[in-house]
Amino acid sequence: MRPREIEEKLFMTHTKLPVSVEFFPPKTPEGAQKLRATRQTLYALKPEFCSVTFGAGGSTQQGTFATVSEILAEGFAAASHFSCIGATKATVRTQLQTLQAMGVKRLVALRGDLPSGYGAGGEFHYASDLVAFIRAETGDAFHIEVAAYPEVHPQARSADDDLKAYVTKVKAGANSAITQYFFNSDAYFRFVDDAYKLGIDVPVVPGIMPITSSTQLMRFSDACGAEIPRWIRLRLQGFGDDTASIKSFGLDVTTDLCDQLRNGGAPGIHFYSMNQAGPTVEICERLQLV
Ligand code: FAD
C-alpha cells in the first residue's frame with residue numbers, strides 16, 4: 001500500500017458519517033413513554049433525521065403521525081414513512097396535506113405489504129406510482145426516500161427487474177434511498193455500482209439492523225428476504241438462550257459491517273433501532289461517530 005493510500009484509509013476510518021434512526025409507532029401509552037426516553041438517548045448521536053414506520057393500508061397512520069409530531073416538537077428532523085398499497089389518491093392527497101401542515105419535510109415512500117387476507121385494491125401498484133403522485137401533488141415540498149434491496153426484493157421477478165424497478169422509482173422523483181438490511185457489504189456495493197451504470201447516482205444509505213435476538217432476526221429475515229450468512233446463523237444458534245453472548249456477537253458483526261461500509265464510501269448509516277437505544281449508541285461509539 002502506498003503512503004497516500006494508507007493516509008486515505010486512516011482518514012476514512014475516522015470519518016464521521018451522517019446517521020439516521022428508524023422507529024415504529026408505539027401501540028400503548030407505556031410504549032410511547034419508553035420511546036420518548038429512547039429518543040432522548042439517541043439524540044446524542046445528532047441524527048440527520050428520525051423516521052417512523054407506517055403500517056400498510058394506513059393501519060398505524062395516527063400513531064405514525066403522532067410520533068413524527070413529537071420528534072419535530074423535540075427539535076429534530078422527522079421523516080414519515082408512507083405506504084400506498086390499497087390506498088386511494090384522495091386519501092393519499094389528504095394525508096400529504098396533513099404532513100405538510102405538520103411541517104414534515106421528508107418522506108420514505110413505499111408500496112408496503114398488505115397483511116394476507118386483504119385484497120390489494122387501491123389506486124397505486126408500486127412505490128414509483130406513489131413517488132410520481134407526491135411530486136405531481138406537492139412539487140419539491142418533500143425530500144423523498146425510497147427503499148432499495150441490495151439482496152433483491154423477495155417478490156421481484158428477477159434481480160434485473162428489481163434493479164429496473166428501483167431505477168424507475170428514483171426517476172419518478174426520489175432524492176435518495178435507504179436499503180433493506182443485509183450482512184454482506186458486497187451486495188450493497190454491487191447494487192450501488194449497478195444502479196450507477198444505469199445512470200442513478202442518488203445517495204443509497206445502508207440500513208443496519210443491530211442483532212439483539214436470534215429468533216427475531218430469523219423471523220424478520222425470512223419475511224423480508226435479507227440473507228443471514230451461514231456462519232452468523234450457526235454462531236447465533238450456538239449461543240442458544242445466552243442473550244448476553246448474542247448481543248455481544250451482534251455488536252461485533254454490525255460494527256464491522258458499518259466500518260466496511262464507511263470505508264467503502266457509504267454516504268451515511270440508517271439504523272433500524274427497533275425502538276431501542278442501546279445497540280445503536282454502542283455501534284456509533286465503537287465507530288467514533290458520536
Ligand atoms: P416497490 O418498489 O413498489 O417494489 C415492490 C415489488 O414490485 C418489487 O419486487 C419490485 O421489483 C416490483 N416492481 C416494482 N415496480 C414494478 C413494475 N413497474 N413492474 C413489475 N414489478 C415491479 N413497509 C411498511 O409497511 N411500512 C414501512 O414503514 C416500511 N418501511 C420500510 C423502510 C425501508 C427502508 C425498507 C427497505 C422497507 C420498508 N418497508 C415498510 C417494507 C416495504 O414496504 C416492503 O418491502 C414492500 O414489499 C415493498 O415496498 P417498496 O416500496 O420497496 O415497493
Side-chain angles (χ1 to χ4, degrees), residues 20-26 48-65 67-68 78-87 92 95 99 104 106-116 118 120 122-134 143-182 187-188 191 194-195 198 200 202-209 220-227 266-275:
S20 51
V21 189
E22 182 171 314
F23 304 112
F24 56 84
E48 198 188 5
F49 64 91
C50 297
S51 78
V52 186
T53 61
F54 188 89
S59 53
T60 66
Q61 186 203 313
Q62 215 182 341
T64 302
F65 288 9
T67 309
V68 163
S80 182
H81 291 218
F82 200 107
S83 69
C84 63
I85 188 99
V92 170
Q95 289 170 333
L99 287 165
V104 174
R106 192 183 278 255
L107 299 176
V108 182
L110 304 144
R111 183 198 69 175
D113 291 311
L114 276 185
S116 54
Y118 282 70
E123 294 182 84
F124 299 87
H125 298 290
Y126 299 110
S128 53
D129 302 332
L130 177 63
V131 175
F133 184 76
I134 296 170
H143 176 113
I144 303 179
E145 308 267 3
V146 286
Y149 301 86
E151 293 179 341
V152 184
H153 184 265
Q155 292 158 5
R157 282 182 299 219
S158 69
D160 231 30
D161 278 353
D162 204 34
L163 184 65
K164 283 183 195 143
Y166 170 73
V167 169
T168 305
K169 64 184 167 181
V170 174
K171 284 191 173 162
N175 302 93
S176 47
I178 302 172
T179 75
Q180 184 56 275
Y181 70 86
F182 55 86
Y188 167 82
F191 178 87
D194 289 347
L198 295 177
I200 301 297
V202 299
V204 182
V205 174
I208 296 295
M209 175 70 86
F220 284 169
S221 304
D222 287 346
C224 73
E227 189 190 40
I269 297 184
H270 181 80
F271 286 98
Y272 293 109
S273 80
M274 304 306 293
N275 290 8

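Numbers here simply count residues along the sequence, with the first being 1. Indexing begins at 1, ligand by ligand and atom by atom, following the structure's order.
- Listed by chain and residue number, the protein contacts of ligand 1 are Thr53, Phe54, Ala56, His81, Leu110, Arg111, Gly112, Asp113, Tyr126, Ala127, Ala147, Tyr149, His153, Gln155, Ala156, Arg157, Asp162, Ala165, Lys169, Ile178, Thr179, Gln180, Tyr272 (heavy atom within 4.0 angstrom).
- With no hydrogens or angles considered, a side-chain donor-acceptor pair links Tyr181 and Ser221 at under 3.5 Å.
- Residues passing the side-chain hydrogen bond (donor to acceptor under 3.5 Å, both in side chains) test with Asn175 are Arg135, sequence neighbours excluded.
- Scanning for side-chain hydrogen bond (donor to acceptor under 3.5 Å, both in side chains) contacts around Glu145 gives Arg106, Ser176, with sequence neighbours left out.
- The side-chain hydrogen bond (donor to acceptor under 3.5 Å, both in side chains) test applied to Asp160 returns no partner, not counting sequence neighbours.
- Ser273 places no side-chain N or O within donor-acceptor distance of the main-chain N or O of Val21, the cut-off being under 3.5 Å.
- A donor-acceptor pair is defined here as one N or O able to donate and one able to accept, closer than 3.5 Å; no such pair exists between the side chain of Asn275 and the backbone of Phe23.
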